[in-house]
Amino acid sequence: MTQPKTIIEKIWENHIVHQEPGKPDLLYIDLHLIHEVTSPQAFEGLRMKGRKVRRPELTFATMDHNVPTKQRHIIKDEVSKKQMHTLKENCEEFGVPLADIDHPDQGIVHVIGPELGLTQPGKTIVCGDSHTSTHGAFGALAFGIGTSEVEHVLSTQTLGQAAPKTLEVKVNGKLGTGVTAKDLILAIIAKHGVRFGTGYVIEYTGEAVRNLSMEERMTVCNMSIEAGARAGLISPDDTTIEYLRGRRHVPDGEAFDEAADKWRALATDEGASYDATVEIDANEVEPQVTWGTNPSMCIPVSSNVPDPASQEKDYEQDAVQRALDYMGLKANQPIDSVKIDYVFIGSCTNSRLSDLKKAADVIQGRKVDDKVTALVVPGSRTVKEQAEAEGLDVIFKTAGFEWREAGCSMCLAMNDDIVPPGERCASTSNRNFEGRQGNGARTHLVSPEMAAAAALEGHFVDVRKITNTTVNR
Amino acid sequence: MEPIRVHSGLVYPLNRSNVDTDQIIPKQFLKRIERQGFGQFLFYNWRFDEEGEKRDSFTMNDEKYNDASILIAGDNFGCGSSREHAPWAILDYGFKVIIAPSFADIFYNNCVKNGILPVKLTEDETQAIIKKAEQQKLHLTVDLEKQLVVDEDEFNFSFDISDYHKQMLLNGWDEIAVTLTNEEKITAYEERQQIIG
């Protein structure tokens with residue numbers, strides 16, 4: 001019998017174009033996703049050297065980071081406009097397919113890849129964006145790259161990569177009612193820190209992971225990079241295959257069944273070993289809220305903000321104190337006492353149809369607190385249409401949310417959707433770094449359900465308390 | 001890309017861990033379509049207040065560090081976004097070497113591809129250099145060939161770097177040109193996998 005292998009090793013071996021001792025392996029790239037912010041310098045590099053795009057048909061571009069979400073065609077910022085225009089020109093010149101601002105497929109690159117069936121198990125997928133790890137939910141090896149690497153992939157359809165170490169994150173047990181995939185990944189990062197995945201590719205395993213829907217799996221894999229891992233993936237199973245059936249770029253009929261058999265065979269073999277394993281008990285995970293300026297600065301909603309004095313080393317104390325100062329919080333303050341000004345439901349982490357449905361369930365028949373500005377930004381134009389067909393837009397608007405066009409929006413505030421200095425936002429995005437949502441803005445990462453609950457109450461609250469009331473009524 | 005062999009220069013100590021790429025170059029400066037000119041925006045929100053005035057509280061604004069070309073910081077430097085604008089800003093500002101106990105993976109690669117030498121020292125070695133550089137003007141010599149970091153009297157630290165990254169930096173290679181020497185292997189792979197374009 002052959003040596004049992006992880007899915008990571010299987011995909012890796014399937015993609016080796018060239019190997020040489022002392023050098024990174026040259027890997028073939030099956031899908032290269034492009035957006036307007038990290039590609040212009042790469043295309044310029046090709047032009048300067050007289051190089052071509054080797055496989056335009058394995059490349060797919062969209063516009064997401066800069067796009068306005070109020071009215072698609074009103075771009076006030078001339079520099080943003082130029083960047084979007086440059087992408088269009090580059091795609092035309094090099095023959096790369098583009099879902100531009102007017103295209104019905106337009107959306108956040110990590111939402112539309114899966115939606116269109118471009119993302120498939122066993123593929124190597126790269127994009128000049130660190131949240132490319134999202135596509136790992138399908139059992140693809142997907143990771144973010146820099147612009148020099150974008151240029152390298154455009155030109156050669158390959159990338160030199162040192163073989164990664166493998167890390168199993170095993171999630172035992174079941175998530176409780178009202179506890180989400182977002183809470184799970186935040187709890188994992190809170191427990192193990194923002195760099196336990198550095199140098200590794202993560203595979204998420206265990207009962208709780210198997211029970212997640214595809215969209216929930218995308219939320220988990222999306223935040224692998226917040227643990228330091230360039231890629232995080234989940235072995236394909238029936239959930240994966242049923243999600244892919246019928247999607248535009250997926251084969252159909254008999255060819256689909258053949259593909260499905262191949263996909264199933266990619267799953268990690270029984271008895272395969274990892275370089276490292278960490279375990280977490282899903283039963284113990286509560287709804288989470290970040291309090292600080294990186295995603296590991298995160299606590300259950302029932303707890304208090306930490307005290308710098310509880311840290312061992314002086315520079316760790318400084319880091320906690322600096323985060324508290326930036327966030328305008330006091331040591332030992334209960335996190336559910338913290339009042340918010342903004343709510344953002346969106347981003348490549350949590351802007352898919354099921355995310356919007358779950359938030360809508362919480363707010364249905366209720367009103368957003370008077371002092372809170374709340375917006376919902378669907379991840380793609382398709383998500384927006386589907387949500388509208390189900391009447392979610394009406395639920396959100398009736399409650400007092402703004403209902404926007406698709407894009408990255410307030411996750412990183414490159415368009416007009418900015419949290420003002422000193423204001424506080426409950427956000428379903430993935431990064432609570434200083435200034436991420438606007439200079440001086442204070443970000444608290446939460447699940448869509450927790451963001452919806454905070455919008456209603458004007459402060460953080462355990463969403464399970466609100467949903468219980470619904471049941472009682 | 002400029003080759004780098006031995007670099008001597010003034011140290012700027014930034015005693016913070018988890019310095020993310022959003023701090024290195026905030027998003028409002030990512031809209032340019034060129035690689036040059038990002039140095040003026042390096043650590044922008046730490047260096048400048050809302051009115052664009054220099055913040056005295058941020059030590060990089062201290063004149064004594066004006067000519068610094070070696071940046072030293074806490075662990076997990078460069079975490080977060082994949083934006084190559086971060087190393088572009090660091091290089092354009094004048095830094096050639098970054099020392100830290102650990103780097104985020106994507107950022108580390110991005111540095112090497114732009115001729116910035118990322119040096120991993122231990123936590124204790126890093127803290128020793130930071131403390132000294134906070135107290136006095138400290139010059140270090142970083143020798144990539146010998147994989148050593150030394151100062152005039154006290155420090156003599158060795159560091160690890162993969163041979164491939166070392167050769168890339170020493171020679172200032174164009175990696176695409178290197179890969180294209182294996183073009184027939186790429187074509188052979190595509191034929192095997194029936195990737196037909």
Side-chain angles (χ1 to χ4, degrees), chain A residues 17-18 22-24 26 28 37-38 40-41 44 49 51 54-58 65-66 77 79-80 82-83 86 128-130 132 143-149 151-152 155-158 160 162 194-195 198-199 225 228 230 294 315-316 318-319 322 412-414 421 431 433-436 439-440, chain B residues 1 15-18 20-23 26-28 30-35 44-46 50 74-76 79-88 102-107 109-110 112-114 127 130 162-165 167 174-180 182-183 185-186 188-190 193 195 197:
Chain A
V17 169
H18 178 62
K23 284 192 182 171
L26 192 64
Y28 200 78
V37 177
T38 57
Q41 295 87 351
E44 184 58 22
K49 298 261 168 71
R51 289 168 175 155
R54 183 178 179 89
R55 292 285 169 193
E57 76 281 11
L58 300 183
H65 282 64
N66 278 339
D77 183 344
V79 197
S80 286
K82 187 172 180 198
Q83 204 170 47
T86 303
D129 188 282
S130 61
T132 308
F143 50 91
I145 56 177
T147 298
S148 295
E149 292 176 312
E151 186 179 336
H152 192 281
S155 177
T156 69
Q157 203 57 37
T158 64
V194 286
R195 64 182 184 89
T198 305
I225 185 65
R230 286 178 81 177
N294 75 49
Y315 60 87
E316 290 168 344
D318 289 350
R322 207 170 40 243
L412 83 169
M414 277 191 77
R431 285 189 178 134
F433 296 155
E434 289 181 30
R436 175 78 178 180
N439 194 7
Chain B
M1 150 179 136
N15 198 9
R16 297 185 186 190
S17 296
N18 303 313
D20 60 73
T21 52
D22 276 75
Q23 307 318 314
K27 76 272 165 189
Q28 63 268 35
L30 304 183
K31 296 171 186 173
R32 297 170 152 233
I33 56 171
E34 304 86 19
R35 282 176 201 249
Y44 191 87
N45 293 339
W46 285 350
E50 281 79 17
D75 64 358
N76 201 28
C79 60
S81 150
S82 63
R83 58 187 72 162
E84 200 161 314
H85 312 67
W88 294 336
S102 63
F103 294 87
D105 289 338
I106 303 175
F107 178 82
N109 277 339
N110 284 341
V112 172
K113 288 174 201 309
N114 286 280
Q127 283 300 321
I130 287 175
S162 80
D163 193 50
Y164 181 74
H165 285 148
Q167 294 306 322
D174 170 2
E175 204 180 12
I176 295 176
V178 175
T179 297
L180 288 174
N182 287 308
E183 192 171 6
K185 291 196 170 142
I186 303 173
Y189 180 92
E190 288 174 332
Q193 302 292 327
I195 298 161

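Numbers restart at 1 for each chain; the letters A, B, ... are given by sequence-line order, proteins then strands.
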To the nearest 0.5 Å, tell me how far Asn294(A) CG sits from Cys79(B) SG. 7.0 Å
Going by atom types only, do Ser17(B) and Asn76(B) share a side-chain donor-acceptor pair under 3.5 Å? no
Measuring heavy-atom distances to chain A, does Gln167(B) have an atom under 4.5 Å in its side chain, in its backbone, in both, or in neither? neither
Heavy-atom distance under 4.5 Å to chain B: side chain of Thr86(A), backbone, both or neither? side chain
Can you tell me which portion of Ser102(B) sits under 4.5 Å from chain A's heavy atoms? Options are side chain, backbone, both or neither. side chain
Below 4.5 Å, heavy-atom pairs only: which of Arg436(A), Glu44(A), Glu151(A) has the largest tally toward chain B? Arg436(A)
d(Ser155(A) OG, Ile176(B) CD1) to nearest 0.5 Å is 4.5 Å
Does a salt bridge link Glu190(B) with Arg55(A), judged by any charged N lying under 4.0 Å from a carboxylate O? yes
Nearest 0.5 Å please: distance from the CG atom of Asp105(B) over to the OG atom of Ser82(B). 12.5 Å
Please look at Tyr189(B) and chain A and tell me whether the side chain, the backbone, both or neither of the residue comes under 4.5 angstrom of a heavy atom of that chain. side chain
Heavy-atom pairs under 4.5 Å with chain A, option from Asp20(B), Asn110(B), Asn45(B) with the top count: Asp20(B)
Please rank Ile33(B), Asn18(B), Ile106(B) by heavy-atom pairs under 4.5 Å with chain A and give me the top one. Ile33(B)
Please report the interatomic distance CD(Glu34(B)) to NE2(His85(B)), rounded to the nearest 0.5 Å. 10.0 Å
Counting only non-hydrogen atoms closer than 4.5 Å, does Gln28(B) touch chain A with its backbone (N, CA, C, O), its side chain (CB onward), both, or neither? neither
Non-hydrogen side-chain atoms of Leu58(A) and Gln157(A) separated by less than 4.5 Å: yes
Chain A contact via His165(B) - which portion, at a heavy-atom distance below 4.5 Å: neither
Chain A contact via Tyr44(B) - which portion, at a heavy-atom distance below 4.5 Å: neither
Which region of Asp77(A), side chain (C-beta onward) or backbone (N, CA, C, O), has a non-hydrogen atom less than 4.5 Å from a non-hydrogen atom of chain B, or is it both or neither? side chain
Contact origin within Asn439(A) toward chain B - heavy atom pairs under 4.5 Å: both
Within this structure, what is the CD-NZ distance for the pair Gln83(A) and Lys31(B), rounded to the nearest 0.5 Å? 8.0 Å
Toward chain A, the part of Ala188(B) with a non-hydrogen atom under 4.5 Å: neither
With a 4.5 angstrom heavy-atom cut-off, could you sort out which part of Ser148(A) is near chain B: side chain, backbone, both or neither? both
How long is the straight-line distance from OG1 of Thr158(A) back to CG of Asn182(B), given to the nearest 0.5 Å? 8.5 Å
May I ask you to name which of Glu316(A), Arg431(A), His65(A) has the most heavy-atom pairs under 4.5 Å with chain B? Arg431(A)
Highest number of heavy-atom pairs under 4.5 Å with chain A among Asp75(B), Asn15(B), Asn114(B), Leu180(B) belongs to Asp75(B)
Please walk me through it: do Glu183(B) and Arg54(A) pass side-chain contact (heavy atoms from CB on, under 4.5 Å)? CA-CA 11 Å; Glu183(B) 192 171 6; Arg54(A) 183 178 179 89; 3.0 Å; yes
Heavy atoms only: give me the nearest Ile186(B)-Tyr28(A) pair and the separation to one decimal. CG2-CE1, 4.0 Å
Measure from NZ or CZ of Arg16(B) to the centre of the six-membered ring of Trp46(B), then state whether that distance is under 6.0 Å and the direction lies within 45° of the axis. yes
Given a strict heavy-atom distance threshold of 4.5 Å, which part of Ala413(A) is in contact with chain B: side chain, backbone, both, or neither? both
Picking from Lys49(A), Glu149(A), Arg51(A), which has the most non-hydrogen pairs under 4.5 angstrom with chain B? Arg51(A)
Nearest atoms (heavy-atom pairs only) where His152(A) meets Thr156(A): O-OG1, 2.7 Å
Which atoms of Glu434(A) come close to chain B, meaning under 4.5 Å heavy atom to heavy atom: side chain ones, backbone ones, both, or neither? both
Please flag which part of Tyr315(A) lies under 4.5 Å from any non-hydrogen atom of chain B: side chain, backbone, both or neither. side chain
Using a cut-off of under 4.5 Å on heavy-atom pairs, state which of Ile145(A), Thr132(A), Thr38(A) scores highest against chain B. Ile145(A)
